[in-house]
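Chain letters run A, B, ... following the sequence lines, proteins first and then strands; every chain starts at 1.
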Amino acid sequence: MRNWETLRAQMAETGYIAPDDLAMALYIAMSLGRPLLLEGAAGVGKTEVARVLAQVESCELIRLQCYEGLDAAQAIYEWNYQRQLLAIRAAAEDGETGKAVEARIFSEEYLLERPLLQAIRRPVAPVLLIDEIDRADEEFEAYLLEVLSEFQITVPELGTIQATTRPHVILTSNGTRDLSDALRRRCIYAHVDYPDRTAELAILAARCPGVEAQLARQIVGFVQAIRREDLEKTPGIAEMLDFAAALIGLGVNDLTDDPEVLQATLATLLKTQSDRAAIPPEVAARLAGKAA
Amino acid sequence: MSKVTRFAARDPGPAARVAGFVGHLRDHGFRLGVAETDTALRALTTVEGADPGQARLALKAVCAGCAEDVIRFDRLFDSYWMADGRVRQKVLPSERTSAPQHVRSSREDHGAEAGTAGSIHAPEAGDGETASEGTGKLVASTARNLMKKDLRELVSAEDIRAAEAVARRLGQALRDRRSRRRRAARKGAQLDLRRTIRASLATGGEPLRLARRRRPDRPVKIVALCDVSGSMTVYARPFLAFLAGLMRADPASDAYLFHTRLVRITEALRDDDPLRALNRITLLADGFGGGSRIGGNLDQFARSYARRFVDGRSVVVILSDGYDTDPPEVLDAALKRLRKRGCRIVWLNPLKGWAGYAPVARGMAAALPHLDLFAAANTLGDLAALETRLGRL
């Protein structure tokens, strides 16, 4: 019988260091069969949770990326129009009657499954990642609520499709818009924050096992210090890992060795012009010196 | 860590205690329903519920619904379950109404609710910014004007009828064209393959009739907030008429007044008789012509009404001169929060029409980066002239 700590340990084995509240929320969401809503700044590893969960559960990951104007044809299902047209044409040459053709072209064979429909029809429950739900509009959010509570989808031509398995649903949000209370109440919630020093060191060790302890401490200290600066885009965990990879690739052993190399590798951390300007070489060198 | 609360033996069992805890959270502004109690209990059965650490994490995952809740949860958890071994509050449901007083309710921070007497929150500070403007009339002040003004002296029925026409035109100008969804339409840029194919069955697979789809124009909701503080008294007439007209022209719109506190006047303005409507507002807007707390009121709006009435398809229209007794940071934060609802924000400032006006009042300067449109409006005519500019939003 698995408990939340073994789940966390399993996640750690695949290289994901989950904080207490995230591991607990994930465990409860899975045991109660409820969707998990993850909120937090960009780059704190929300999407990664779904990937790791799929790995731990050894099941498929189905991803639905949300955007403004996402509609049923992209999220749920669509008919395969090209094949339908061909079938109609072929049927006409064979002299088939209208009724039979209609029954045929509106059958499963001509249905293109999109992520939501795919997710409820898998023989093994997959992980369904609904990424950046805050980008979709309110209508989609309302529809999603219905799917997540009923786990059934109605296709007018086919009838209601019941879920064969219930997917593990993970929703992520960057908070570009407030989500409805109804959706929040339906979900188990976890707020994902930037990791603290210890956690980030563990993440770096898990992902880049080759980094020496001294350099790892410097990298994490430096990134943590840079996050406290007033930046437009605060570097996330992925950026930290890129930064580490760049330093290793360049054969750097100590951050304070070469200010020029440090400044060049900052391209992996700072992604806007004004952020680059905010951290001139002197500041970078000072932060690197402190981080050691 | 303080000790775990020892519940008296006569208290009901764990289920009632958890229900009491959910009620405790609800009393402190968490939006939780009955279903959450059930979820919380089920969550506790999946973990070692007797272990305080695990129970805390489990209840947090179920009960917290946003980042703010997460921050406040620990303190509320401690005050209920870790109250130094004492029961602060009976968990019997009948006595739950007496909320514990040692934790400050966040609800109390945001001023009184509509219908209760307003109180002065801001001290007389930050008036240096306005003193330099010279005219005594424009100085923002926190003093509540307790002399009730009759709005009927300000606005006539003809004004409202004229405003109704203006509001209707503005409402039409403000269409939401951002939608990427498409809807069936006789003329449209995109083919609706689904319907085309269905129709083609009748013609032996030959798609003779092409069904089309296009982006529908969707009406936006106008949410108007009107400043009726002392410095705005001279402009109140056209603005109030505009609000009254707006409410009558567009059933989806929403209106508020603010001075030292915020009042929702939507229901009152929808009264069939326009003058009776104004009379009802007069009763609501006690303190009309007093001081202005723009930041505080907008913050309260963003936290309360906006959650229900403002979404990505709303345009928030603020009618104010920007003379604020709250510090500009409050206004900045409030507008930032409001923007998160995904709405567009229009600020109509009567002073902007003056020659040589610059938005130097600190409040106005703080607001500028968050606005989609900052325009002048003194009269109904000015509001009508905004039609084209709003259409471009």
Side-chain angles (χ1 to χ4, degrees), chain A residues 3-5 20-32 34 36-37 39-40 67-73 78-79 81-82 84-93 98-99 101-102 105-106 134 137-140 157 175-181 184-191 193, chain B residues 31-33 35-36 38-40 42-48 53-71 73 178-183 191 193-194 196-198 200-207 215 302 306-308 310-313 337 339-343:
Chain A
N3 66 27
W4 71 287
E5 273 159 331
D20 284 355
D21 43 0
L22 174 60
M24 178 60 94
L26 185 59
Y27 173 70
I28 288 176
M30 289 182 61
S31 2
L32 301 187
R34 298 279 284 269
L36 174 67
L37 171 62
E39 244 182 349
Y67 54 88
E68 160 77 38
L70 178 71
D71 63 9
E78 187 161 37
W79 292 104
Y81 304 117
Q82 289 84 349
Q84 283 182 330
L85 276 176
L86 283 173
I88 295 169
R89 193 38 80 77
E93 303 207 332
K99 271 267 179 281
V101 183
E102 185 166 343
I105 67 165
F106 290 112
D134 48 337
D137 43 23
E138 280 92 358
E139 284 93 336
F140 181 73
E157 291 88 348
T176 55
R177 117 185 126 71
D178 282 348
L179 302 174
S180 72
D181 280 352
R184 284 185 189 281
R185 288 184 49 190
R186 182 84 212 123
C187 297
I188 303 295
Y189 177 87
H191 188 263
D193 225 331
Chain B
R31 291 180 302 279
L32 300 169
E36 276 71 21
D38 178 49
T39 314
R42 288 200 292 140
L44 284 176
T45 58
T46 63
V47 299
E48 290 288 327
Q54 291 199 26
R56 177 191 296 265
L57 289 171
L59 287 172
K60 190 196 273 186
V62 173
C63 297
C66 61
E68 275 172 34
D69 287 355
V70 170
I71 294 164
F73 181 87
R178 294 172 310 157
S179 173
R180 289 216 278 172
R181 271 166 199 277
R182 283 158 211 275
R183 213 172 270 171
L191 279 181
L193 275 172
R194 185 174 178 146
T196 304
I197 297 223
R198 203 163 242 300
S200 77
L201 283 177
T203 49
E206 214 63 67
R215 290 177 190 170
R307 302 193 84 105
R308 276 187 288 156
V310 176
D311 59 23
R313 240 165 242 139
R337 180 178 284 272
R339 272 225 85 107
K340 278 219 164 170
R341 301 292 313 166
C343 59

Determine whether a donor-acceptor pair (N or O, by modelled atom type, separation under 3.5 Å) exists between the side chain of A/Y27 and the backbone of B/T46.
yes

Rounded to the nearest 0.5 Å, how far apart are CD of B/E36 and CZ of A/R185?
4.0 Å

Roughly how far, to the nearest 0.5 Å, is the CG atom of A/L32 from the CG atom of B/D38?
9.0 Å

When you compare the side chain of A/H191 with that of B/K60, does any pair of heavy atoms fall below 4.5 Å?
no

Write down the atom of A/I105, the atom of B/I197, and the distance for their closest heavy-atom approach.
CD1-CG2, 4.2 Å

Worked check of salt bridge (charged side-chain N to carboxylate O under 4.0 Å, His left out) between A/E102 and B/R198
CA-CA 8 Å; A/E102 185 166 343; B/R198 203 163 242 300; 2.9 Å; yes

Please flag which part of B/C66 lies under 4.5 Å from any non-hydrogen atom of chain A: side chain, backbone, both or neither.
both

Starting at CZ of B/R56, measure out to CG of A/D20 and round the result to the nearest 0.5 Å.
11.5 Å

To the nearest 0.5 Å, tell me how far B/Q54 CD sits from A/N3 CG.
7.0 Å

Tell me which of these, B/T39, B/L32, B/V70, B/V62, has more heavy-atom pairs under 4.5 Å with chain A than the rest.
B/T39

What part of A/D21 gets closer than 4.5 Å to chain B, counting heavy atoms only: side chain, backbone, both or neither?
both

Give the C-alpha distance, both sets of side-chain angles, the deciding distance and a yes or no for side-chain contact (heavy atoms from CB on, under 4.5 Å) between A/W4 and B/L57.
CA-CA 11 Å; A/W4 71 287; B/L57 289 171; 3.6 Å; yes

Interface residue of largest heavy-atom contact number with chain B, from A/I188, A/L85, A/L37, under 4.5 Å
A/I188

If I take atom CD from residue A/E157 and atom CZ from residue B/R194, how far apart are they, to the nearest 0.5 angstrom?
4.0 Å

